[in-house]
Amino acid sequence: MELEGYLRGDYIRNIIKEGKRLDNRKFDEYRNLEIEKGYVGEKACGSAFVKLGDTKVLVGISMDAGEPYPDSPGQGVMTTSTELRPIASPYFESGPPRQNSIELARVIDRGIRESGAIPTDKLAINDEKVWVVYIDIHILDNGGNLIDAGGIAAISALLDTRMPKFEDDTIIRGEWDGKLPIECTPIPCTVAKISDQLLLDPTQDEEYAMDTRLTIATTDTINAMQKGGGFGTLTDKDVDDAVELAFSKGNEIRKLVEG
Amino acid sequence: MELEGYLRGDYIRNIIKEGKRLDNRKFDEYRNLEIEKGYVGEKACGSAFVKLGDTKVLVGISMDAGEPYPDSPGQGVMTTSTELRPIASPYFESGPPRQNSIELARVIDRGIRESGAIPTDKLAINDEKVWVVYIDIHILDNGGNLIDAGGIAAISALLDTRMPKFEDDTIIRGEWDGKLPIECTPIPCTVAKISDQLLLDPTQDEEYAMDTRLTIATTDTINAMQKGGGFGTLTDKDVDDAVELAFSKGNEIRKLVEG
Amino acid sequence: MELEGYLRGDYIRNIIKEGKRLDNRKFDEYRNLEIEKGYVGEKACGSAFVKLGDTKVLVGISMDAGEPYPDSPGQGVMTTSTELRPIASPYFESGPPRQNSIELARVIDRGIRESGAIPTDKLAINDEKVWVVYIDIHILDNGGNLIDAGGIAAISALLDTRMPKFEDDTIIRGEWDGKLPIECTPIPCTVAKISDQLLLDPTQDEEYAMDTRLTIATTDTINAMQKGGGFGTLTDKDVDDAVELAFSKGNEIRKLVEG
Amino acid sequence: MKLLENGKRLDGRALDEIRDVKIETGVLKRAAGSAYLEWGNNKVLAGVYYPREMHPKFMRDPTKAVLRCTYNMAPFSVDDRKRPGPDRRSQEISKILSEALSSVVLLEDYPDAGIDVSVEILQADAGTRCAGLTAAAVAIADAGIPMRDLVSSCAAGKIDGEIAVDLMKDEDNYGDSDVPLAILPRKKEVVLLQMDGKMTKEEFKKAYKLAFDGAMKVYEVQKAALLSSMDSVEGGE
Amino acid sequence: MKLLENGKRLDGRALDEIRDVKIETGVLKRAAGSAYLEWGNNKVLAGVYYPREMHPKFMRDPTKAVLRCTYNMAPFSVDDRKRPGPDRRSQEISKILSEALSSVVLLEDYPDAGIDVSVEILQADAGTRCAGLTAAAVAIADAGIPMRDLVSSCAAGKIDGEIAVDLMKDEDNYGDSDVPLAILPRKKEVVLLQMDGKMTKEEFKKAYKLAFDGAMKVYEVQKAALLSSMDSVEGGE
Amino acid sequence: MKLLENGKRLDGRALDEIRDVKIETGVLKRAAGSAYLEWGNNKVLAGVYYPREMHPKFMRDPTKAVLRCTYNMAPFSVDDRKRPGPDRRSQEISKILSEALSSVVLLEDYPDAGIDVSVEILQADAGTRCAGLTAAAVAIADAGIPMRDLVSSCAAGKIDGEIAVDLMKDEDNYGDSDVPLAILPRKKEVVLLQMDGKMTKEEFKKAYKLAFDGAMKVYEVQKAALLSSMDSVEGGE
């Protein structure tokens, strides 16, 4: 399968030099994006199923009463986990989270955390307890660009999230007390660099071929960036162009997510 | 050794077709069963050493003061662990518990738990603490049918168990305060299916040969069942026959255990 | 590299039979020893960087407020960890601590603990909390005799340790409240046995060649001993000689450490 | 909590009535075969990767393929978040699902190969091992892997003293006893059987019968899903 | 906490001024190459082992060497003791450092080999990933491994609303936003870029520029350290 | 707690008196060799599997067998339940027992092989490493593996200021200092030696002597057990 990866990569690089993509998209064109909020509505506090082309990601939000970090009393806590489930691709392995999976979770986490989308200062329950917001990103079919698909699913699921009812120092499961307040809608946007071209929303095949990628999560500001995914370099112009693309495409996607 | 397993399996299947077992037992006959309660009497709260033919299992019971599960305030806790120690067989490996070991512990646990043998509602210590009953199953010589040997040793050890003295919010080690109440005596009984025959109490050799096994733990009711140990199937009649065998053989063994 | 180890071992054994060492030291001679206390002075509560010939070890002391052991209320806690970092040698592997690393930490720990160097009874903070003293031994360049280098670095770092200020049930980081009291200065001293000779302070090459080693940690008494590091045996006389060497060399090193 | 009222259950079902089951095949792009199943409020995804070389090597069998089924509950699939990663329960279920599916796949056709079956519980509402096994069997068929028969599954239990088929979550929590069963629907043989609780011999027989009949109903849904997927292929989707 | 007073920072630096950087090469006996770096209060050790056969075997690449960088913080390197062993943060940093260094090492020269780069943070005071990467590049050069260029690194951030280069710990804690950058100093290309916080497009561009210029200053220190080590070799140390 | 009264210890022993030791061989069916040992309230089982191919492969030695001893305390062997699985203490003991036994087994006779020795502490009452090593040596002999000598072991310690042999649990808890020793009883050489506590040179020498003499007494019990097992074989059990 490694060899298959190399060959596909070669093929992709060649057609991109000719100005084309395998699926005939323009370089700055996203794949079809579908968002289904409330997919796990009977159990999860919030959820969203995202299809980005072939890529399928399900995010569920769980909320629990827990302790704040010692250095942030009265502040709610958020934690983001990614599971590259073996169902998603023949290349994934079960076992402890590895570097790819960790990077995926941490980049998505930073976009949400740094934008202030979750107002942790509003998530105190009482003097001792705060809400803990678990964002679990479940990758079900890996068609490429997991950071964007996962990040879009995560913020969509947060927008879908209800607050569990809390009475007599305990959570009443299945009863709700309004929505989780969300302050803004950070959208990650990833460009791949292949044969000196920047392409939005790379497919899995394009990921084989890419020299590197740059992800930029935006609201009205930039909240997170991550170069990764290869040994290629970026020029100043690449970075500038990627920032422009991230803001303009982010605005489009934000409408879909909030809609 | 894998090959040896196959060859032994073949041989066993053939003689069973002829209506015989390697050790000349009848199909519904158990091996010799010896139970020595109090084997670790200087340290453990309860213990029993069981020899079932070649199979040797030692179970020790430890009791500690702990917290109840959040959804079961005031209820004692029981937990069952199995260790397939490397001393027991050349096939075992050290390391994290694996599926065989987990199944073994869980099936034995279910028989005891579901029968209500341990009255967890009588195991509160005070408003915050309850007794935690640890059942540790130590396999020392694997001659086959570990579920029955382990399950018999576990309930025997529970019947041997003394309550540690608890004073001033602390356990006084080495002093006792009566016996752990035990409500009934669940007995697991396993049949192996080989060459369309059901056999009670399979040896390790017979386990190589078996198509599947069915374990049934009984008191005056059925408390646990588990089909496992192979890719073979069972007919309705197999299930009915196994239930009958489990009740009748369970009654015999129960006398030995309680005696 | 395994083969290289064998060959080097052979060579070393031969020249030792001739009464020599590769670096021309006498059999009872230590390598050059440098101790730099306060190496991580901006962050750690105490620290010391030790160079013993080629061997480089950095020990840092962290202090935290924690709970005492249930059987030792009001007593401070000490814990010793060793990390054989991959930077230190091509033979080390990342991953969970292994037997060599565990032995290293435990032998150093015993010398300090058993000598009473850390007066744990003076480390209560209040009715619930006590000081926890973490001794972290970071091996940076493995030129042999890690036990002595690590043990010397550990006690040197302890002598350098400041008590963090504790106010309003919390630690004020970066402010200090006197020094950690240290009652005595245990020094581990290791002899290797090669070709029936005892050698002080073995290099890594000599460790390939050695039949066994004996470590003895002393203050005015013996506080810890450990035979290890090979399949060789010791005679009564070897043990007696090693004890004499440990006391005399220990006194020399102690002056350096305390100086 | 009262679970039966005038012979009707909390959701209006009769004692021998199973919840609605829906199955769709071919829902994943990368997997060789896949199935999505809704069973009451359960939502399950199954996917199959095959026949590739078995890894790790020492697990290879030169006489047949090795089928490994991994059962996994998503952290958000239940009311109280489940820690990610395999716990003891899911490891036991993975083992018995692997054995049940190995009963029916023609493993001898693929020496040295590994067949990896993933069962992902996306939303859980009691009976997830039966739902997962049912979906897994359809996913294997969808992958075109030769099978002796299908595997169909259903459970039965006891609520307010009565035997009932296919308990949902509230019935499972407040009721007692559960008998998960899986069968080869054409051969009428048992490939999975567990039980926990307290049942007399007679109660068990009744539960076994109800679960068996329930599994046969599930079989009809499985067949329909596989037929409709074949139709859509023939129709040149 | 006020971080700027009359345009000066807590430690008296100007906004575009980096902390003192000192680098020494060849500090370890066993490693093929090594470097010790002090950058303000940061103390970092980097060591390289190469080119040996890659382990484990399945990670070998017959077309080029595999470079693995391991970033590790000593437990005592920070105010609150860090548990030993890799956490998620250090695993992410290990990954991006490995990628940045792989951009520049001529991996094709060593098929099947593994190049192991260790970065040990002995004392941490913000900017440790830049400091570690800078030290690692020097250690690789010290080992004589062929490189296309060096890698030089620096960060910039925002304090009291102003963009400033190379934040130290107090600025990092009370300020917001951070842009770690690493470049090929001769080719002027980016091999590491991260950012977190809140920055407008203009703020980011300013931070990017400051970090870039900072990295070029660090480059001069790297060059001087490597030259002086070559001198001392020629001088027959 | 007073540990000495009129020169007698809590259990009436003299300072140089060891507890009763009983050894039985051949107690396990599957192991190649085995021994059951009672030493005061200690109960220990040792078993040996040999010479098979060493796993994992990279640990094989083409010049000799690799002997691995695993020391394990059952969770219920002590007053406060011990968590199952190897902790740091048992890993250290496993290491030094492996080394002590490797001193005496003719490993060169079995290149590429692995010899696995299991020591299970079923009931613990101080001195378990000596008891385990003593049992392990007998189990290896019972397996017919060629040995240069036996290994016999005993400890000595300090109670109420006096040196005493073979401390039991209460003496170990309230006393101080412990010197576990193991010897080759015919060659009179040391294969295991540890110490912790506070002892002057003279105290240590006395403890060493007492432990040595204790080990020689244990040796007699080992010999008797092995002889009686040979008798019973000759007698055609």
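Convention: sequence-line order gives letters A, B, ...; per-chain numbering from 1.
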Enquirer: Out of Leu193(E), Leu192(E), Ile96(E), which residue meets the side chain to side chain contact (heavy atoms under 4.5 Å, CB included) rule with Gln226(A)?
Expert: Ile96(E)

Enquirer: If I take atom NZ from residue Lys201(E) and atom OG1 from residue Thr218(A), how far apart are they, to the nearest 0.5 angstrom?
Expert: 10.0 Å

Enquirer: Who wins among Val239(A), Leu214(A), Thr212(A) for the most heavy-atom pairs under 4.5 Å with chain E?
Expert: Val239(A)

Enquirer: Above 12 or not: heavy atoms from other molecules or residues under 6.0 Å from CG of Asp196(A)?
Expert: no

Enquirer: Is it the case that the side chain of Asn223(A) and the backbone of Gly197(E) share a donor-acceptor pair, with hydrogens and angles ignored and the cut-off at 3.5 Å?
Expert: yes

Enquirer: Could you please spell out the steps behind the side-chain hydrogen bond (donor to acceptor under 3.5 Å, both in side chains) verdict for Gln99(A) and Gln91(E)?
Expert: CA-CA 6 Å; Gln99(A) 290 190 339; Gln91(E) 289 196 66; 4.9 Å; no

Enquirer: Measure distances from Leu184(E) to the heavy atoms of chain A and classify the residue's part below 4.5 Å as side chain, backbone, both or neither.
Expert: side chain

Enquirer: If I take atom OG1 from residue Thr233(A) and atom CG from residue Asp149(E), how far apart are they, to the nearest 0.5 angstrom?
Expert: 10.0 Å

Enquirer: If I take atom CG from residue Asp196(E) and atom CZ from residue Arg110(A), how far apart are they, to the nearest 0.5 angstrom?
Expert: 6.0 Å

Enquirer: Which value, rounded to the nearest 0.5 Å, describes the distance between Arg88(E) atom CZ and Asp109(A) atom CG?
Expert: 8.5 Å

Enquirer: Which atoms of Asp240(A) are under 4.5 Å from chain E, going by heavy atoms: the side chain, the backbone, both sets, or neither?
Expert: side chain

Enquirer: Inspect the surroundings of NZ in Lys206(E) and state if more than 12 heavy atoms from other residues, nucleotides or ligands are less than 6.0 Å away.
Expert: no

Enquirer: For Asn173(E), which atoms come within 4.5 Å of any heavy atom of chain A: side chain, backbone, both, or neither?
Expert: neither

Enquirer: Is Glu183(A) atom CD crowded by more than 12 heavy atoms from other residues, nucleotides or ligands, each under 6.0 Å away?
Expert: yes

Enquirer: For Thr215(A), is it the side chain, the backbone, both or neither that has a heavy atom under 4.5 Å from a heavy atom of chain E?
Expert: neither

Enquirer: Taking everything shown except Lys209(E) itself, do over 12 heavy atoms lie less than 6.0 Å from its NZ?
Expert: no

Enquirer: Please list, in residue-number order, every residue in residues 126-135 of chain E that has a heavy atom less than 4.5 Å from any heavy atom of chain A; write 'none' if there are none.
Expert: none

Enquirer: Most heavy-atom pairs under 4.5 angstrom with chain A, which of Lys205(E), Glu203(E), Glu92(E)?
Expert: Glu92(E)

Enquirer: Can you pull out the residues in residues 99-109 of chain E with any heavy atom less than 4.5 Å from chain A?
Expert: Glu99(E), Ser102(E), Ser103(E), Leu107(E)

Enquirer: Please state whether the side chain, the backbone, both or neither of Asp236(A) comes within less than 4.5 Å of a heavy atom of chain E.
Expert: both

Enquirer: Can you tell me how far CD1 of Ile216(A) sits from CZ of Phe204(E), rounded to the nearest 0.5 angstrom?
Expert: 6.5 Å

Enquirer: Should Phe231(A) and Lys64(E) be marked as a side chain to side chain contact (heavy atoms under 4.5 Å, CB included) after you check the CA-CA gap, both sets of side-chain angles, and the distance that decides it?
Expert: CA-CA 13 Å; Phe231(A) 306 162; Lys64(E) 61 176 190 297; 4.1 Å; yes

Enquirer: Who among Gly229(A), Gly111(A), Gly232(A), Ala217(A) has the most heavy-atom pairs with chain E under 4.5 Å?
Expert: Gly229(A)

Enquirer: With respect to chain A, which residue among Glu189(E), Gln194(E), Lys187(E), Lys95(E) yields the maximal number of heavy-atom pairs within a distance under 4.5 Å?
Expert: Lys95(E)

